[in-house]
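The residues of the chain are indexed from 1 along the displayed sequence. In this text, all values refer to a predicted model and were calculated from it rather than measured experimentally.
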Amino acid sequence: MDSRSHTPVTAALRLCLHALLTGLLALVAVRAVGEGAPHTGAVVALTLVTAGVYGAGTPVRALAGTPGPAGTGGRTGAGARVASVRQRASVRPGTKAAAVWLAALCALWLALLVLSLDALWVAFPLYFLQLHLLPTRWGVPAVVVTAAAAITSFVVHRQEIAPGAFIGPLLGAAVAIATVLGYDALFRESERRRELIVELVATRAELAEAERTAGTLAERERLAREIHDTLAQGLSSIQLLLRAAERTLPGDAPAAAHVRAAREAAQANLAEARSFVRALTPPDLEHGSLAAALERLCARTTGPDLTVRFAVSGTPVELPTPYEVALLRTAQSALANTVRHARAGRAEITLSFMDTSVALDVVDDGRGFDPSGAPVAERGDGGFGLPAMRSRAATLGGTLSVESAPGQGTALAVTLPVAAPAEERAA
């Protein structure tokens with residue numbers, strides 16, 4: 001029973017415990033006075049002292065808290081293990097004070113039990129106090145000792161052995177242990193469910209944020225590709241045509257000035273379109289070249305179970321933004337497949353610049369698969385990595401090839417043509 005959880009139920013249980021112990025002590029005093037039993041004055045005095053000690057112990061119980069069934073304060077998981085180690089190393093001052101207070105209360109009860117058989121019934125609320133304030137490894141033995149003291153008192157006072165003398169205290173002890181341990185189990189389960197709910201809510205928020213980020217990046221890529229393939233290419237063609245027309249016109253032709261102005265306007269708007277494309281490129285390409293982005297990708301993917309290396313072959317040249325985006329996304333998808341499915345220990349990405357094309361190779365030593373089998377999208381697991389990479393390469397006039405076999409690793413290569421004129425490549 002966690003004393004820190006001030007719910008209406010626990011507050012009501014504490015009030016009931018206070019009322020039960022106070023009422024039983026009052027019953028002992030009233031019966032001693034009414035029946036004129038021996039040592040009546042001592043019984044009443046001990047009853048009042050016991051009630052006073054119990055009332056004074058309320059702040060001590062609040063300070064001690066509840067160590068829980070395993071002495072871990074109701075915590076579970078890693079927190080419980082850490083708390084257990086700390087508890088073995090030291091005992092909290094509040095716990096020490098509660099133990100001393102409980103020992104004093106039990107000593108007074110034993111003294112009262114010697115003088116009056118009616119004090120036997122006070123054992124029941126003491127069971128709950130012992131289980132509440134002591135760890136399970138000490139609380140249960142304390143309850144057993146308390147029940148044994150109650151049984152012994154009955155036998156000594158009545159000078160007889162009756163079944164009820166054993167059944168009553170033992171049954172009360174069993175009910176108290178089952179109640180407290182059951183409540184502790186329910187409390188731990190409730191805490192685990194609360195932690196799971198908090199974790200699920202946080203995970204859902206992270207997934208929503210990741211989906212928003214992915215959607216934003218996809219839209220940025222689409223807009224960059226559309227601007228590059230339509231406006232930028234069109235303005236570049238207009239500029240080339242106006243430059244050719246300007247060369248064919250005589251220098252003193254009236255239209256030459258207008259053609260020159262139109263060419264300069266097209267050039268200025270082409271520069272604006274290129275700036276839009278650069279602003280919409282993926283974040284990995286905003287602060288460096290494609291090679292630098294791929295190298296950072298390899299560094300991020302490298303972990304304890306997978307080593308990823310990056311290499312550049314040939315002389316790097318400036319590539320159009322859609323090419324860089326396509327190659328970067330292909331490398332990301334290929335490495336994601338390697339991490340999730342290949343169980344590889346090593347992977348290597350190679351970016352090759354050739355005279356008329358640029359190629360990206362991703363090779364791993366994983367478990368491989370059968371490329372001639374059913375496509376991933378048809379197997380029912382929801383994956384569309386290879387079809388998406390193949391479609392992206394085909395959109396830019398390139399090809400995607402995959403070589404793999406079960407147990408032989410996987411080699412993926414995407415090749416894009418770069419045989420366009422210099423002006424168009426720069427666009």
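Distance check, rounded to the nearest 0.5 Å: NE2 of His258 to CG of Leu249 gives 11.5 Å. Here the straight-line distance linking atom CD1 of Ile349 with atom CG of Asp364 works out to 10.5 Å at 0.5 Å rounding. In this structure, CG on Leu15 lies 12.5 Å from CG on Leu20, to the nearest 0.5 angstrom. From Glu246, atom CD reaches atom CG of Leu241 across 13.0 Å, with rounding to the nearest 0.5 Å. Here CG of Leu110 is found 10.0 Å from CG of Leu105. Values are rounded to the nearest 0.5 Å. Taking OG1 from Thr399 and CZ from Arg390, the interatomic distance works out to 10.0 Å, rounded to the nearest 0.5 Å.
Side-chain contact between Leu181 and Thr136 is present, with at least one heavy-atom pair separated by less than 4.5 Å. Residues Thr350 and Val363 are not in side-chain contact: their nearest non-hydrogen atoms beyond the backbone lie 4.5 Å or more apart. Side-chain contact check for Leu351 versus Leu327: some heavy-atom pair is nearer than 4.5 Å. At a threshold of 4.5 Å between non-hydrogen side-chain atoms, the residues Phe353 and Leu319 count as touching. In this structure, the side chains of Val362 and Met389 stay at 4.5 Å or more apart for every pair of heavy atoms. Between Thr179 and Phe128, some side-chain heavy-atom pair lies under the 4.5 Å cut-off. Looking at Val308 and Thr338, their side chains never come closer than 4.5 Å, going by heavy atoms from C-beta outward. Annotation: side chain of Gln267 is not in contact with side chain of Leu242 (no heavy-atom distance under 4.5 Å).
Checked by atom type and distance alone, the side chain of Ser404 pairs as donor or acceptor with a backbone atom of Phe369 at under 3.5 Å. Judged by distance alone, with hydrogens and angles left aside, the side-chain atoms of Asp370 form no donor-acceptor pair with the main-chain N or O of Pro406 at under 3.5 Å. Between the side chain of Ser190 and the backbone N or O of Leu186 there is no donor-acceptor pair closer than 3.5 Å. Although no hydrogens or angles enter the test, the distance criterion places a donor-acceptor pair under 3.5 Å between the side chain of Ser333 and the main chain of Arg329. No donor-acceptor pair closer than 3.5 Å links the side chain of Arg346 to the backbone N or O of Arg309. Checked by atom type and distance alone, the side chain of Thr248 pairs as donor or acceptor with a backbone atom of Ala245 at under 3.5 Å.
Applying the ring pair (Phe, Tyr, Trp, His ring centres under 6.0 Å) rule to Tyr323 yields no partners; only residues at least two apart in sequence or on another chain are considered.
When all heavy atoms are compared, the tightest approach of Thr330 to Arg392 is OG1-CD, 4.2 Å. The shortest heavy-atom contact between Leu306 and Ala344 is CD1-O, 3.5 Å. Heavy atoms only, all atoms of each residue included: Ala393 and Leu416 are closest at O-CD2, 4.0 Å. Taking all atoms of both residues into account, the shortest heavy-atom contact from Thr302 to Thr307 is CG2-CA, 4.1 Å. Taking every heavy atom of both residues into account, Trp101 and Val53 meet most closely at NE1-O, 2.7 Å. For the residue pair Ala347 and Leu335, the shortest heavy atom distance occurs at CB-CD2, 4.4 Å.
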query = Could you walk me through whether Leu25 and Leu112 pass the side-chain contact (heavy atoms from CB on, under 4.5 Å) check?
reply = CA-CA 10 Å; Leu25 288 176; Leu112 189 61; 4.1 Å; yes
message = Assess the residue pair Tyr54 and Thr50 against the criterion (side-chain contact (heavy atoms from CB on, under 4.5 Å)); give the C-alpha distance rounded to whole Å, side-chain angles, the decisive distance to 0.1 Å, and a yes or no.
response = CA-CA 6 Å; Tyr54 180 77; Thr50 304; 5.6 Å; no
key: Residues Thr410, Asn337; criterion side-chain contact (heavy atoms from CB on, under 4.5 Å); working and verdict   = CA-CA 10 Å; Thr410 302; Asn337 289 336; over 6 Å; no
Test log, rule side-chain contact (heavy atoms from CB on, under 4.5 Å), inputs Leu412 and Leu386 = CA-CA 10 Å; Leu412 180 147; Leu386 288 177; 3.7 Å; yes
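Electrostatic pairing of Glu189 and Arg192 counts as a salt bridge here, judged by a charged N lying under 4.0 Å from a carboxylate O. Using a 4.0 Å cut-off between a side-chain N of Lys or Arg and a carboxylate O of Asp or Glu, Arg194 and Glu191 qualify as a salt bridge.
The aromatic rings of Phe187 and Tyr183 sit parallel, their planes meeting at an angle under 30°, below the 60° perpendicular limit.
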